[in-house]
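This report refers to the structure that appears directly beneath it.
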Protein chains: 2
Amino acid sequence: MFSKTCEYAIKASIYIASQSLAQKRVGIKDIAQAIESPEAFTGKIMQVLSKNHVVASVKGPHGGFEILESAMKEKKLAEVVRAMDGDDIFKSCGLGLKECSGANPCPLHNQFAKIRADITKLLETTTLYDVATGLADGLTFLKR
Amino acid sequence: MFSKTCEYAIKASIYIASQSLAQKRVGIKDIAQAIESPEAFTGKIMQVLSKNHVVASVKGPHGGFEILESAMKEKKLAEVVRAMDGDDIFKSCGLGLKECSGANPCPLHNQFAKIRADITKLLETTTLYDVATGLADGLTFLKR
DNA sequence: ACAATAAAAGACTTTTTTATCTTTTATTAA
DNA sequence: TTAATAAAAGATAAAAAAGTCTTTTATTGT
Ligand code: FES
Ligand code: FES
């Protein structure tokens with residue numbers, strides 16, 4: 001479904017958002033521990049998320065990553081996914097045809113287009129705020 | 001969604017099924033051409049499909065691959081996917097948690113479980129015969 | 001100004017996936 | 001029984017994804 005990189009990115013974003021709700025800025029070590037990801041690799045991913053303005057980064061002592069509450073209410077999960085994996089998941093053919101189209105449909109096109117639309121809807125409508133609250137409330141988890 | 005290997009496997013199986021409907025046994029060269037896959041790699045994939053009894057193989061002159069009509073009416077796409085990618089797509093967490101469970105749900109668990117169930121239903125209910133007919137009738141395609 | 005902190009950047013390694021090439025085995029038909 | 005055909009098997013190779021390590025840059029508090 002998502003690349004490992006993208007999974008880490010989504011989890012990291014949600015974690016940062018939930019900590020930001022409590023006015024806490026978090027560092028890479030903290031993030032890696034919260035989402036069970038390799039620390040150095042997580043750093044690389046944060047660079048991408050930062051460049052794509054999914055998260056804000058602050059260098060130096062007391063630095064780290066954060067997402068303003070106003071921003072996380074706007075950011076859709078789709079933006080995180082696009083930053084890492086591009087928009088393949090939103091538009092490409094389930095059987096790998098060069099392009100997905102009703103004019104040259106693969107044998108799964110009709111059923112698959114429906115599923116892909118559901119995935120798109122989920123990612124395009126869910127904000128980081130939506131998922132961060134569940135985590136902050138202890139209803140959902142990012143590891144195990 | 002599926003690995004490249006699995007995409008090729010699904011397309012190859014559908015192609016072989018559609019040719020078998022016309023009593024035609026097909027060779028690797030033919031398959032690779034029909035689904036736009038690398039020939040040698042396709043051979044490797046066919047070995048797996050053959051071992052998993054998705055297709056029947058015949059060596060020597062006039063040999064090749066085929067699927068009996070009775071068999072293709074039983075074979076679900078899920079069996080092809082399992083042979084190549086295992087059952088990850090049917091059971092694993094969308095965010096990569098070690099196991100997907102309602103007891104330790106990731107932030108996307110509820111929505112994702114629904115989508116995964118739709119994918120499972122599609123793959124577990126669609127037979128090779130179902131998709132082979134559309135291809136044989138020129139309604140669906142395996143390349144471009 | 002300086003030491004400490006933490007992310008950014010760059011170079012590199014490992015692992016997995018995708019793909020190729022060569023040799024062997026089975027089958028067929030002349 | 002031999003030549004031709006076609007898949008199976010095995011050994012590599014190339015490319016992409018995942019992960020690590022080192023150096024640099026920015027920021028902060030003393
Ligand atoms: S053509 Fe394959 S999903 Fe649309
Ligand atoms: S726990 Fe993530 S999908 Fe179920």
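Naming: A, B, ... by sequence-line order, numbering from 1 per chain. Please read all numbers here as calculations on a predicted model, not as lab measurements.
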Residue B/Lys59, side-chain heavy atoms: nucleotide from C/dA26, D/dT27, C/dT20 that is nearest:
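Among the listed nucleotides, the one closest to the side chain of B/Lys59 is C/dA26.
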B/Ser3 side chain, from C-beta outward: closest of C/dT20, C/dT18, D/dA7:
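Side chain of B/Ser3 sits closest to C/dT18.
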Report the distance from atom [atom1] of [X] to atom [atom2] of [N], rounded to the nearest whole Å.
X       : N      : atom1 : atom2 : answer
A/Ile35 : D/dG19 : CD1   : P     : 11 Å
A/Met46 : D/dA26 : CE    : P     : 19 Å
A/Met84 : D/dA17 : CE    : C1'   : 12 Å
A/Lys29 : D/dT20 : NZ    : P     : 14 Å
A/Arg25 : D/dA26 : CZ    : C1'   : 13 Å
B/Phe41 : D/dA15 : CZ    : C1'   : 12 Å
A/Asp85 : D/dA16 : CG    : C1'   : 13 Å
B/Lys4  : C/dT18 : NZ    : C1'   : 9 Å

Pick the closest DNA chain D nucleotide for B/Lys44 and for B/Gly27 by heavy atoms, then say which residue is nearer the 5' end.
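Its nearest nucleotide lies further toward 5', so the answer is B/Gly27.
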Specify the residue among A/Pro61 and A/Ala40 whose closest nucleotide of DNA chain D lies further upstream toward the 5′ end.
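The 5'-side residue here is A/Ala40.
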Starting from the C-alpha separation in whole Å, work towards a yes-or-no answer on side-chain contact (heavy atoms from CB on, under 4.5 Å) for B/Val55 and B/Glu66.
CA-CA 6 Å; B/Val55 301; B/Glu66 65 187 349; over 6 Å; no
Is the closest basic N to carboxylate O distance between B/Glu36 and A/Lys98 below 4.0 Å?
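A salt bridge links B/Glu36 with A/Lys98.
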Salt bridge between B/Glu39 and B/Lys44, side-chain N to carboxylate O under 4.0 Å?
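Result for this pair is no, no salt bridge flagged.
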Side-chain N,O ([X]) to OP1/OP2 ([N]) below 4.0 Å:
X       : N      : result
A/Lys51 : C/dA9  : yes
A/Thr5  : D/dA17 : no
B/Tyr8  : C/dT18 : no
B/Ser57 : D/dA8  : yes

Is there a donor-acceptor pair under 3.5 Å between the side chain of B/Ser92 and the backbone N or O of B/Ile89?
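No, B/Ser92 side chain to B/Ile89 backbone: no donor-acceptor pair under 3.5 Å.
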With nearest nucleotides of DNA chain C determined for A/Gln47 and A/Gly60 from heavy-atom distances, which residue corresponds to the more 5′ nucleotide?
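The residue closer to the strand's 5' end, by nearest nucleotide, is A/Gly60.
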Pick base, sugar-phosphate or nothing for A/Gly43, based on heavy-atom distances below 4.0 Å to the nucleic acid.
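Touches nothing.
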Taking the side chain as every heavy atom from C-beta outward, state whether A/Asp30 and A/Tyr15 have any atom pair closer than 4.5 Å.
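In contact.
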